[in-house]
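The block underneath contains the structure these notes are about, expressed in structure tokens.
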Amino acid sequence: MEEVRVRFPPSPTGYLHIGGARTALFNWLFAKKHNGKLILRIEDTDEERSTQESIDGILDGMQWLGLDWDEGPYFQTEFAADHIEAANTLLASGNAYKCFCTKEDLENKREAALAAKREVGYDGTCRHLSAEDVRTKEDLGLPFVIRFKVPTRQGTLAYSDEVLGCIERAYSDIEDFVIVRSNGKPLYLLCNVVDDIRDRITHVIRGQDHMTNTTRQVLLYEALQAKIPVFAHMPLTLDLQKRKISKRSHGEVVAVQYYRDKGFIPWALCNFLCLLGWNPGTDKEFFTREELIEAFTLSRISKVNSVFNYKPGDPKFFTDPKLIAINEHYLRTMDLSQLGALVRKELEQEGLWDPSFETNRREWYLATLNMIRDRFHTLKDFTTAGRAYFSDEYAIDPKPLAKNVLKFPDLATWLPQLAQRFAALPEFTVEETERVSREMADELQVKPGVLINGMRTVLTGQLAGPSMFDIVITLGREKVVARLNRIDHLFAAA
RNA sequence: GUCCCCAUCGUCUAGUCAGGUCCAGGACACCGGCCUUUCACGCCGGCAACACCGGUUCAAAUCCGGUUGGGGACGCCA
């Protein structure tokens, strides 16, 4: 059987955004599923808008997501000779012609057509130029573009789409499109086909916004006498106003980079993205890589555009709530040592990493992560809400400070007393610390919650957290006693 | 304006090709309950959709036609 070869061809005119990442992901899944190859090709023929920064951003984004490619990155500009050769072939075979219409003429005609609400498209002025006319104009040094000569046929051009089924378009609706600029540089429509032929691409999986390109490109394949690949047009990702998402109008929240910076688990983003416009036909929503590769098929890609459910300005749901939920799921269920590696990077960035977490304190490190991960949303929370577990310098959240500490001024003496009892305990265990805490509350005739919640605030700076006595044991007697004794600072500061 | 594509809860979607098992299932979000020293997690329950009109049929979310709505394309961008 023929080897499956797919490609991801981003144009380096902006960072990798989630729409592009999803296209890359689908291609990657398809390649993996069929033991095929994924080719990464940077389509940089738009010299004015292509930037190195953007190329780096795309490669970084792919790597972070774990979407590895088998060939490339190739750069389209390196194959300019191929593109020109193809254009000349088309010219020679009569499938293309030189067009001397000026930009101004075309622009005027276009506007007139739009104003008159007529069909917009090239009228074919230069299509029937005689050989002499062409030579005369060339001798005059008039600039020209090369246009593809769409065959004059009755009926429709049809191709079978793996997602949408049979797609048809009347030949008469396809205008003679430009394949080479007047400066001699070939355009996307041609370059893309020439590259796909050279790279032996078998399946073209791309967005539905390419559908009109596809009909024209099918003609190009035909004229170049090349085998037409299988096409699969994926639905688009829209915003809540049903507008195509773009970095320009939606900002950071659609950039892959944003999710790395916000502490997302790369695979959680992949899992979310694959569910946008695809489903396995079962209720299963969480997949390992292997499971997803196994389950993935083009035929289960949805025909319907999907909405990225992001409302600007919501502090709780700073991106699609389902994406956050999926990230939380992985955060609390993923393999602990894998989580440990991800959190390590966060701790290192904040200067909180201790090498002993990899050696003699590894067990403590992983157990602590396991204890606190249940209420976290992203990896960032380990160094913010979870900071007190890794550092003695942590902020006290004003809300619990007021509610659990300042409201009970007696805690200034009670908690140091409790610290003494902890210090005197023969065995520093969950049971014993809980016992003396409750005992003391009883003596003071206050609810245990007063001591417990006050303690949580002082020890972790947080309103909420794991079971108090688990925290106490995790932090260890020394830190607990020291922190409880420091409580007067909180009253002094207030 | 022309051409192409699409249409199930607020969002992601199952079900449509092979009509009945669907007064429509799951997930997220939201609401309520249980658990509990806090907050979560977890578990249980609730709210919530077949765009509209007509046709075919004993029977339509499902097939057909139309209407409406949404999206895409119409560059010497990719």
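Only heavy atoms go into these numbers, but all of them, side chains included; no hydrogens, no water, no symmetry mates. Order of the sequence lines sets the chain letters (A, B, ...), proteins ahead of strands, with each chain counted from 1.
A salt bridge is defined here as a Lys NZ or Arg NE, NH1 or NH2 lying under 4.0 Å from an Asp or Glu carboxylate O, and D196(A) with R41(A) meets this definition. Using a 4.0 Å cut-off between charged side-chain N and carboxylate O, R216(A) and E175(A) make no salt bridge.
Distance from the side chain of M211(A) is smallest for C5(B) among the nucleotides A73(B), C5(B), C76(B). Residue L238(A) places its side chain closer to G71(B) than to any other of C30(B), C77(B), G71(B).
Residue pairs meeting the side chain to side chain donor-acceptor pair (under 3.5 Å) criterion with at least one member in residues 301-311 of chain A, sequence neighbours excluded, do not occur. Every pair tested for salt bridge (charged side-chain N to carboxylate O under 4.0 Å, His left out) that includes a residue from residues 445-471 of chain A fails, sequence neighbours excluded, so the list is empty. Evaluation of the salt bridge (charged side-chain N to carboxylate O under 4.0 Å, His left out) test over residues 149-169 of chain A, restricted to residues two or more places apart or in two chains, returns R153(A)-E222(A).
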Check: Which nucleotides of nucleotides 34-43 of chain B have their base under 4.0 Å from a protein heavy atom (B), which only their sugar-phosphate (S), and which neither (-), written as one string 5' to 3'?
Finding: ---BBBBS--
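The aromatic rings of F286(A) and H329(A) sit parallel, their planes meeting at an angle under 30°, below the 60° perpendicular limit.
In terms of position on RNA chain B, the residue among L240(A) and D173(A) whose nearest nucleotide sits closer to the 5' end is D173(A).
Aromatic rings from W278(A) and F26(A) are positioned such that their centres are separated by 6.0 Å or more.
Note on R243(A): every side-chain N or O is 4.0 Å or more away from OP1 and OP2 of G70(B). Here R41(A) does not reach the OP1 or OP2 of A78(B): none of its side-chain N or O atoms lies under 4.0 Å away. Taking 4.0 angstrom as the limit, T212(A) places none of its side-chain polar atoms (N or O) nearer than this to OP1 or OP2 of C74(B). Phosphate contact (OP1/OP2 of C30(B), side-chain N/O of K316(A), threshold under 4.0 Å): present.
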Next item on the list: Show your working on salt bridge (Lys or Arg N to Asp or Glu O under 4.0 Å) between E431(A) and R435(A) and close with a plain yes or no.
Entry: CA-CA 6 Å; E431(A) 294 73 23; R435(A) 187 182 59 75; over 6 Å; no
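Considering only residues two or more places apart in sequence or on other chains, E285(A) meets the salt bridge (Lys or Arg N to Asp or Glu O under 4.0 Å) condition with K322(A).
If you check A51(B) for Watson-Crick or wobble pairing at under 3.5 angstrom, you find it paired to U67(B). Of all nucleotides present, only C58(B) satisfies the Watson-Crick or G-U wobble test against G20(B), with each distance under 3.5 Å.
The base of C4(B) does not come close enough to the side chain of R169(A) for any donor and acceptor atom to sit less than 3.5 Å apart. Residue side chain N213(A) does not reach the base of A73(B) through any donor-acceptor N/O pair under 3.5 Å, judged by distance alone. At a cut-off of 3.5 angstrom, counting only N and O atoms as typed in the model, there is a donor on one side and an acceptor on the other between the side-chain of S182(A) and the base of C76(B).
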Tabulate atom names and distances for all N/O pairs under 3.5 angstrom spanning the protein and nucleotides 12-16 of chain B.
unit_1	atom_1	unit_2	atom_2	d
C12(B)	OP1	V307(A)	N	2.5
C12(B)	O2'	L275(A)	O	2.8
U13(B)	OP1	G277(A)	N	2.4
U13(B)	O3'	N279(A)	ND2	2.8
A14(B)	OP1	N279(A)	ND2	2.4
A14(B)	O3'	R300(A)	NH2	3.4
G15(B)	OP1	R300(A)	NH1	3.2
G15(B)	OP1	R300(A)	NH2	3.1

